[in-house]
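Taking it in order: structure first as structure tokens, then the write-up.
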Amino acid sequence: MSKVREKIKLTSYDELLKVDVADGLKEIEIDKLHDFRKHPFKVTDDEKMDELTESIKERGVILPILVRKTDDEEYEIISGHRRTHAARLAGLESVPVIVRELSDDDATIVMVDSNIQREEILPSERAFAFQMKLEAIHHKGIKGAESREVVGETNGLSGRQVSRYIKLTQLLPELLEMVDEKKIAIKLAVEIAELSEKEQQEILDYYNLGYKVSIEQIKSIKNKEKTTEVIEQTEEKSRESTKVIISGSKLNKYFPENYTKAEMENIIYQLLEKWKSDGYDI
């Protein structure tokens, strides 16, 4: 355990599950279980959910759902959102749960740590989960770089990597979705996240028009250059640098031997103009 971690008590999910059957393990009506507030992890009806549902139909919920009691005598899920959803799909009326008394901060930390280890975590999920855990750790009295180190150590990430992920929460939702879809690389997304909302919207508009944006362009925008000018100047340079070279041996078979280069170019331009006027029909 690191010196930073020793300063605060972080109860792990595994520690919370090490209980006697009579000590906290109950069967609870599934309708009394509710999602953790602002739960950042998506529960998707995909092939893996179908497999989990079939498994629960055959064997039931093997690993208990970790919950805590709420003021209205119902329960908030800390870990087990996918199992709970699959149990509902399987038609179960109740599920085994372990009830634990946890503060808001402790519940948040355990919720993040127990879900972040899943095989497939989207950048947006990781970003908001890290942000929630960081806020909880701040409430426990750990601030600055140390707090980011604590967030990252469970996942083998440095404090700097944690900071980069948390920056993604500043992206417009549409841009963050593009990160999840791997249309925007995380490194580039972190740079975009540092722009104003107006500048991000302009970046999004250019993406929607089919343009690609580079880190160099984003850095230029950060240097107070106008977003539209940066993008348009780059695209203009790209167009100017485009060259099409056709070898003479390929052209010779289409023209008489006595045709000069200028005459061949003139014919080619005439044909291109006609093609354009015909609506680019092939």
Side-chain angles (χ1 to χ4, degrees), residues 35-44 46 81 104-105 108-109 111-112 115-116 118 120-139 142-152 155 157-242 280:
D35 288 347
F36 196 90
R37 69 199 183 287
K38 297 182 180 179
H39 188 251
F41 300 99
K42 295 179 174 62
V43 176
T44 308
D46 53 15
H81 293 80
D104 289 346
D105 293 331
T108 296
I109 291 168
M111 181 275 296
V112 170
N115 284 278
I116 205 78
R118 287 183 357 218
E120 297 177 2
I121 297 291
L122 295 172
S124 62
E125 294 176 312
R126 195 181 296 275
F128 283 103
F130 282 171
Q131 183 183 54
M132 290 179 71
K133 185 175 178 180
L134 185 68
E135 290 173 358
I137 288 172
H138 283 170
H139 295 159
I142 301 298
K143 305 287 186 178
E146 285 187 338
S147 61
R148 294 190 291 275
E149 292 293 336
V150 173
V151 172
N155 307 279
L157 299 177
S158 67
R160 182 172 178 273
Q161 288 172 307
V162 168
S163 294
R164 288 169 64 81
Y165 271 108
I166 291 177
K167 274 188 181 180
L168 297 181
T169 63
Q170 300 171 22
L171 285 171
L172 293 179
E174 297 88 346
L175 289 172
L176 186 53
E177 185 177 349
M178 293 176 73
V179 177
D180 284 343
E181 294 172 350
K182 298 183 179 180
K183 294 178 180 178
I184 301 178
I186 292 179
K187 186 176 181 180
L188 174 59
V190 170
E191 297 289 340
I192 296 174
E194 295 179 351
L195 299 177
S196 68
E197 185 174 330
K198 178 178 179 293
E199 290 168 333
Q200 287 190 37
Q201 184 60 54
E202 291 174 339
I203 294 295
L204 177 61
D205 291 342
Y206 277 100
Y207 267 114
N208 290 335
L209 290 172
Y211 291 106
K212 290 185 178 181
V213 180
S214 68
I215 288 180
E216 288 70 25
Q217 289 171 316
I218 301 304
K219 288 180 178 179
S220 295
I221 295 168
K222 287 180 183 178
N223 290 331
K224 305 305 180 184
E225 295 184 42
K226 289 185 178 180
T227 307
T228 52
E229 292 179 0
V230 170
I231 302 295
E232 288 171 0
Q233 286 173 6
T234 304
E235 291 302 316
E236 183 63 33
K237 288 180 181 178
S238 177
R239 285 192 291 270
E240 289 175 356
S241 64
T242 301
Y280 302 104

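The first residue in the sequence is number 1, and the count goes up from there.
Annotation: side chain of Thr169 is not in contact with side chain of Phe130 (no heavy-atom distance under 4.5 Å). Under the 4.5 Å side-chain criterion, counting only non-hydrogen atoms from C-beta, His39 is in contact with Asn115. A 4.5 Å side-chain heavy-atom check between Ile221 and Leu195 finds at least one atom pair inside the cut-off. At a threshold of 4.5 Å between non-hydrogen side-chain atoms, the residues Gln170 and Glu194 do not count as touching. No side-chain heavy atom of Val151 sits less than 4.5 Å from a side-chain heavy atom of Tyr165. Two residues are said to be in side-chain contact when any heavy atoms from C-beta on lie closer than 4.5 Å; Gln201 and Asp205 meet this criterion. In this structure the side chain of Leu171 never reaches within 4.5 angstrom of the side chain of Met178, judged on heavy atoms. Lys167 is not listed as a side-chain neighbour of Ile186, based on a closest heavy-atom distance of 4.5 Å or more.
Here the side chain of Gln131 pairs no donor or acceptor atom with the backbone of Ile166 at under 3.5 angstrom. A donor-acceptor pair under 3.5 Å is absent between the side-chain atoms of Glu125 and the main chain of Phe41, judged by distance alone. In this structure a side-chain-to-backbone donor-acceptor pair under 3.5 Å is present from His81 to Phe36. Not one N or O on the side chain of Glu191 forms a donor-acceptor pair closer than 3.5 Å with the backbone of Ile218.
Rounded to the nearest 0.5 Å, atoms CD1 (Ile116) and CD1 (Ile121) are 5.0 Å apart. Between atom CG of residue Asp105 and atom NE2 of residue His139 there is a gap of 5.5 Å, rounded to the nearest 0.5 Å. Between the CG atom in Asp35 and the CZ atom in Arg37 there is a gap of 12.5 Å [rounded to 0.5 Å]. Atom-to-atom distance recorded for Thr44:OG1 and Leu122:CG is 7.5 Å, nearest 0.5 angstrom. Rounding to the nearest 0.5 Å places CD1 of Ile184 at 12.0 Å from NZ of Lys212. For the atom pair Leu134 CG and Ser147 OG, the distance stands at 4.5 Å (nearest 0.5 Å).
Counted within 6.0 Å of NZ on Lys143, heavy atoms from surrounding residues, nucleotides or ligands total more than 12; the atom is thus considered enclosed. Crowding of Glu181 atom CD: a count of heavy atoms from other residues, nucleotides or ligands under 6.0 Å exceeding 12. Around CZ of Arg160, the count of heavy atoms belonging to other residues, nucleotides or ligands within 6.0 Å does not exceed 12.
Contact record, Val112 with Ala129: CG2-O, 3.5 Å, taken as the closest heavy-atom pair. In terms of heavy atoms, Leu157 sits closest to Gln161 at CA-OE1, 3.3 Å. Residues Pro40 and Met132 share a closest heavy-atom pair of CD-SD, 3.8 Å. The two atoms that bring Lys133 and Thr108 nearest to each other are N-CG2, 4.2 Å, heavy atoms only. Counting all heavy atoms, side chain and backbone alike, Ser124 lies closest to Lys42 at OG-NZ, 3.3 Å. Pairing each heavy atom of Ile192 with each of Leu175, the nearest pair is CG2-CD1, 3.9 Å.
For the pair Lys198 and Glu202, the salt-bridge criterion is met [side-chain N within less than 4.0 Å of a carboxylate O].
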